[in-house]
Undergrad: 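Below you will find the structure I want to go over with you.
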There are 2 protein chains.
Amino acid sequence: MEKRNRTKYTVLGMLAIAPFTGYEIKKMIQTSTNHFWSESEGQIYPALIQCVQECLATCKEELMKDTRRVKKIYSITAQGKKVLNTWLKKEAQPTLIRNEFLLKLFFGKNATDNDNIHHLRHYQKSLEKEILTYEEIRKKLTTAHKNSPHLKYWLIALDYGFKVAKAELLWCKESLKLFN
Amino acid sequence: MEKRNRTKYTVLGMLAIAPFTGYEIKKMIQTSTNHFWSESEGQIYPALIQCVQECLATCKEELMKDTRRVKKIYSITAQGKKVLNTWLKKEAQPTLIRNEFLLKLFFGKNATDNDNIHHLRHYQKSLEKEILTYEEIRKKLTTAHKNSPHLKYWLIALDYGFKVAKAELLWCKESLKLFN
DNA sequence: GATCCCATGTAATCGGTTACATGATTCC
DNA sequence: GGAATCATGTAACCGATTACATGGGATC
């Protein structure tokens, strides 16, 4: 069985955009891919070290003049780009979702409908927030990265989240009607 | 930090419908909750044993007359129902998704558009299959469990998958247009 | 003075998948 | 004879989260 250390590719993909520190990569993931892909610090920093060991990235320590602190800025190598590209070509693994909220609804007969309604309303609220976030991110991206060749792909991925959340929201509202 | 051994609750939820063997629970998960919740044998069997140890379920070995083989049929206890109900009342943990396909699209600038189109088409096909599966399951459920008090909740959860897949499909088609 | 943000990491733990093992039955 | 399904489990491994540790700077 083939291993799938996806964190490595996530990190390489980010470094293919521009050189970054581990902290910056973490922030980027949180604000741009979080709705379909997340990583924690406990994975990102080791993955960066691993990339350097495998010559997929280089690390340059830089002294910040203003703060007198050292940042580790990672850059992708030609070898790293090759590895990333090879991975990108391969068929994606099927998505495994674990939606605890839906599981609880599925077992809803064992709860009270008050509980079920409460869960639905809560989910609905989080969806409404999510949709607003997508709209904000879209605005920010289209202005801040107007000429970036990556923008097209980022917007497609963003739109996925947006459209799915909209569909979920509609489903939520219709499901709530069934409890009246 | 609170632990979340969700397999235990999944198993209890299934046993709250009717007594089952581990194998049957596995099958049920595969055919009914798989689009939002999956479990593997390696989790189900230990979880069943754990439930018996914690007095949340009982196990009855039954000899099948025809096959002369022993089945372990598990039933939920009153205590088990209580534990399940308590869990059902609690707020659900937010869903963490890891969609490798979207991650690859997000990094699409580093691949060729041929690769991106190929991934999109592949995803589209799997969505179309998925949608057909939902329609089949709906038919089976509504006839086989016509009078079950669980049916309402099952259909709500099923409809979630159906509506989300439909939205994903639309997004797929629109995204493909961007590559022409 | 406290809190938040920048910044980098490690260690413990656990959740979950995969692979392996076994064996009987049924269907082709 | 071989493949698929029923049926139950174990062990190894690893992927991932969480918590912990550290410390400077900025902001309120």
Side-chain angles (χ1 to χ4, degrees), chain A residues 1-11 19-31 33-34 36-53 57 59-74 93-100 103, chain B residues 1-11 19-31 33-34 36-53 57 59-74 93-100 103:
Chain A
M1 177 64 203
E2 164 202 7
K3 274 186 287 181
R4 38 178 186 145
N5 192 347
R6 276 100 49 106
T7 307
K8 192 164 86 180
Y9 301 113
T10 309
V11 159
F20 289 115
T21 68
Y23 188 80
E24 284 168 332
I25 290 175
K26 198 192 124 203
K27 284 274 132 165
M28 284 179 74
I29 290 171
Q30 261 168 21
T31 55
T33 71
N34 209 49
F36 60 84
W37 199 266
S38 66
E39 302 276 358
S40 58
E41 305 150 45
Q43 289 168 274
I44 294 169
Y45 287 110
L48 282 168
I49 292 166
Q50 196 199 344
C51 282
V52 172
Q53 278 169 356
C59 177
K60 205 173 122 193
E61 297 200 11
E62 214 162 87
L63 189 76
M64 313 260 72
K65 301 155 212 159
D66 43 344
T67 58
R68 285 175 298 114
R69 282 161 64 205
V70 173
K71 264 189 184 179
K72 293 191 178 177
I73 300 172
Y74 293 88
Q93 297 280 118
T95 312
L96 286 183
I97 303 166
R98 301 198 114 208
N99 188 325
E100 195 177 294
L103 188 64
Chain B
M1 177 63 204
E2 162 201 12
K3 275 187 286 181
R4 35 177 189 147
N5 192 346
R6 278 100 46 108
T7 306
K8 193 165 84 179
Y9 302 113
T10 309
V11 158
F20 289 115
T21 69
Y23 189 81
E24 285 169 332
I25 290 174
K26 197 192 125 205
K27 284 274 133 162
M28 284 180 72
I29 290 170
Q30 260 168 22
T31 55
T33 71
N34 209 48
F36 60 85
W37 198 266
S38 66
E39 302 275 359
S40 58
E41 304 151 47
Q43 288 169 274
I44 293 168
Y45 287 110
L48 281 168
I49 292 166
Q50 197 198 342
C51 282
V52 173
Q53 279 168 357
C59 177
K60 204 173 122 193
E61 298 199 11
E62 213 163 88
L63 189 76
M64 313 260 77
K65 302 155 211 158
D66 43 344
T67 58
R68 286 176 298 116
R69 281 161 63 204
V70 173
K71 264 188 184 180
K72 293 191 179 178
I73 300 171
Y74 293 88
Q93 298 280 119
T95 312
L96 286 182
I97 303 167
R98 303 198 110 208
N99 187 325
E100 194 176 295
L103 187 64

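Every chain is numbered from 1 and lettered A, B, ... according to where its sequence line falls, protein lines coming before strand lines. The shown structure was predicted, so the numbers you read here are calculated from the model rather than taken from an experiment.
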Undergrad: Any base atoms under 4.0 Å from B/Gly22, or only sugar-phosphate, or nothing? Heavy atoms, all strands.
TA: sugar-phosphate

Undergrad: Looking at the side chain of A/Lys71, which of C/dA7, C/dG16, C/dT17 is the nearest nucleotide?
TA: C/dA7

Undergrad: Contact class for B/Glu41 vs. all strands (heavy atom < 4.0 Å): base, sugar-phosphate, or nothing?
TA: base

Undergrad: Would you mind reporting whether B/Tyr74 and B/Thr21 have side-chain heavy atoms less than 4.5 Å apart?
TA: no

Undergrad: Starting from the 5' end of DNA chain D, give me the residue, A/Gly42 or B/Lys26, whose nearest nucleotide shows up first.
TA: B/Lys26

Undergrad: Can you list everything that forms a salt bridge (Lys or Arg N to Asp or Glu O under 4.0 Å) with B/Lys72? Sequence neighbours excluded, please.
TA: none

Undergrad: Within this structure, what is the CD-CD1 distance for the pair A/Glu61 and A/Ile73, rounded to the nearest 0.5 Å?
TA: 10.0 Å

Undergrad: So if I take the C1' atoms of five pairs at each end of the helix from C/dG1-D/dC28 to C/dC28-D/dG1 and get each local axis, what angle do the two axes make, rounded to 10 degrees?
TA: 40°

Undergrad: Send over the distance from A/Leu96 CG to D/dG15 P, rounded to a whole Å.
TA: 14 Å

Undergrad: Which residue pairs pass the salt bridge (Lys or Arg N to Asp or Glu O under 4.0 Å) test with at least one member in residues 44-53 of chain A, sequence neighbours excluded?
TA: none

Undergrad: So, is A/Lys27 close to the C/dA7 phosphate, meaning a side-chain N or O under 4.0 Å from OP1 or OP2?
TA: no

Undergrad: For A/Arg6 and D/dT17, what is the distance between atoms CZ and P respectively, to the nearest whole Å?
TA: 11 Å

Undergrad: Rounded to whole angstroms, how far apart are CG on B/Asn5 and C1' on C/dC14?
TA: 9 Å

Undergrad: Could I get the full list of side chain to side chain donor-acceptor pair (under 3.5 Å) partners for B/Glu41, not counting sequence neighbours?
TA: B/Lys26

Undergrad: Rounding to an integer number of Å, can you tell me how far A/Ile25 CD1 sits from C/dG9 C1'?
TA: 14 Å

Undergrad: Just to be sure I understand the rule, does A/Lys72 reach a base, reach only the sugar-phosphate, or reach nothing, if contact means heavy atoms closer than 4.0 Å?
TA: sugar-phosphate

Undergrad: Output the rounded distance in Å from CD1 (A/Ile97) to P (C/dT17).
TA: 13 Å

Undergrad: Could you tell me how far apart A/Glu62 (CD) and C/dA7 (C1') are, to the nearest whole angstrom?
TA: 14 Å

Undergrad: If the cut-off is 4.0 Å, is B/Tyr23 near the phosphate of D/dC6, judged by side-chain N/O to OP1 or OP2?
TA: yes

Undergrad: How close or far is atom C1' of D/dT17 from atom CG of A/Asn34, stated in whole angstroms?
TA: 14 Å

Undergrad: Pick base, sugar-phosphate or nothing for B/Phe20, based on heavy-atom distances below 4.0 Å to the nucleic acid.
TA: nothing

Undergrad: For B/Ser40 and C/dT17, is the shortest distance between a side-chain N/O and OP1 or OP2 below 4.0 Å?
TA: yes

Undergrad: Please compare A/Trp37 and B/Thr21 by the position of their nearest nucleotide in DNA chain D and report the one closer to 5'.
TA: B/Thr21

Undergrad: Determine whether B/Leu96 and A/Ser38 make a side-chain contact, defined as any pair of heavy atoms from C-beta on separated by less than 4.5 Å.
TA: yes

Undergrad: Among residues at least two apart in sequence or on other chains, which ones pass salt bridge (Lys or Arg N to Asp or Glu O under 4.0 Å) with A/Glu100?
TA: A/Lys104, B/Arg6

Undergrad: Let me see the working for B/Arg98 and A/Glu39 under salt bridge (charged side-chain N to carboxylate O under 4.0 Å, His left out), right down to the final yes or no.
TA: CA-CA 9 Å; B/Arg98 303 198 110 208; A/Glu39 302 276 358; 2.9 Å; yes

Undergrad: With heavy atoms under 4.0 Å as the rule, sort A/Lys8 into base, sugar-phosphate or nothing.
TA: nothing

Undergrad: Can you tell me how far P of D/dG15 sits from CZ of B/Arg98, to the nearest Å?
TA: 10 Å

Undergrad: Among residues 43-53 of chain B, which residues get a heavy atom nearer than 4.0 Å to DNA chain D?
TA: B/Tyr45

Undergrad: So A/Ile97 and B/Asn99, do their side chains get closer than 4.5 Å, heavy atoms only?
TA: no

Undergrad: For a 4.5 angstrom cut-off between non-hydrogen side-chain atoms, does A/Lys8 reach A/Gln50?
TA: yes

